[in-house]
Every structure is written in structure tokens, then in C-alpha cells.
Amino acid sequence: MRIEPVSNQSFLAGNVYLKQVAENNVLNTDVLKKIAEKNDIDLWISKAKQTKYLPKNDMYTITAHQDLNIPPYTKRGVAVVLPQKTDNEKTVTEKLFGAIFEAIENLRNKI
């Protein structure tokens with residue numbers, strides 16, 4: 001699995017970034033944007049390229065990011081979902097939405 005660091009760029013709340021994920025593989029991307037805007041966060045959804053240790057599953061990492069407007073302080077909540085490779089778009093989207101709400105909850109529970 002390749003891990004890429006998040007750069008120190010300025011985040012604007014309400015953005016949804018899909019990394020290694022085609023938009024047609026995730027249904028209702030406009031709803032993701034509304035969730036991000038409502039919660040005042042950015043969502044990063046990335047799909048792992050190399051899953052040799054997960055032969056039957058794909059791996060999606062969801063990061064909810066919130067900038068606290070105090071320069072070095074940001075909060076992040078992370079969740080991981082492992083749908084099967086044979087799952088259709090609807091099932092993958094349902095699992096992703098569950099993981100998104102889990103990431104937001106993890107973000108909110110941080111001090």
C-alpha cells in the first residue's frame with residue numbers, strides 16, 4: 001500500500017477530494033459535498049492502489065479534516081472501509097457513507 005502525506009495547503013471547508021476513485025464508482029457525490037458543507041469539513045476519499053494483502057477486498061480511506069482557524073491547529077478523523085471487489089456501486093456507496101459518518105464522529109470526539 002502506498003501512503004502519501006497530506007501537504008500543508010490551505011483547506012477550504014466543504015470540499016470533497018476523490019483520490020484514485022472514479023466519480024462513477026461512487027454514487028451521489030453531490031450529497032457528499034452537502035455533508036461536507038453542513039459539517040464545515042473537508043472530505044478526502046482515497047482508494048488504495050496496491051491491495052496484495054487483501055485479495056478479495058478494496059480499501060478506501062476516508063479522512064475528515066477541519067481547520068480550526070488557529071494556525072497550526074487542525075483536526076482529522078479517519079475511517080477505513082473494506083468492500084469486496086465483487087460489490088456493486090450501490091453497496092460500495094452505502095459502505096462509504098457509513099465510513100464517512102464514522103470519520104466525522106471520530107473528528108468530533110477529538111478535543
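Heavy atoms only: backbone and side chains are in, while hydrogens, waters and symmetry mates are out. Note that this is a predicted model, so its numbers are computed, not measured. All residue numbers in this chain count up from 1 along the given sequence.
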Nearest 0.5 Å, what's the [atom1]-[atom2] distance between [X] and [Y]?
X: Ile62; Y: Lys95; atom1: CD1; atom2: NZ; value: 12.0 Å
X: Ile104; Y: Asp40; atom1: CD1; atom2: CG; value: 11.0 Å
X: Asn109; Y: Lys75; atom1: CG; atom2: NZ; value: 9.0 Å
X: Met59; Y: Tyr53; atom1: CE; atom2: OH; value: 12.5 Å
X: Thr74; Y: Ile41; atom1: OG1; atom2: CD1; value: 13.0 Å

- prompt: How far apart are the C-alpha atoms of Ile100 and Ile45, what are their side-chain angles, what is the distance that settles it, and do they pass the side-chain contact (heavy atoms from CB on, under 4.5 Å) test?
  reply: CA-CA 9 Å; Ile100 287 167; Ile45 302 171; 4.0 Å; yes

- request: State which residues pass side chain to side chain contact (heavy atoms under 4.5 Å, CB included) with Asn106; sequence neighbours excluded, sorted by chain then number.
  value: Glu102

statement: Residue set satisfying side chain to side chain contact (heavy atoms under 4.5 Å, CB included) with Gln84, at least two apart, ordered chain then number -> Asn57, Thr86, Asp87

message: Do Asn39 and Gln66 have side chains that approach each other closer than 4.5 Å (heavy atoms only, starting at C-beta)?
response: no

- prompt: Looking only at heavy atoms, which two atoms of Ala103 and Val78 are closest? And how far apart?
  reply: CB-C, 4.2 Å

query: Which atoms form the tightest heavy-atom contact between Ala79 and Ala99, and what is the distance?
result: CB-O, 3.3 Å

Over 12 non-hydrogen atoms of neighbours within 6.0 angstrom of NZ in Lys85: yes

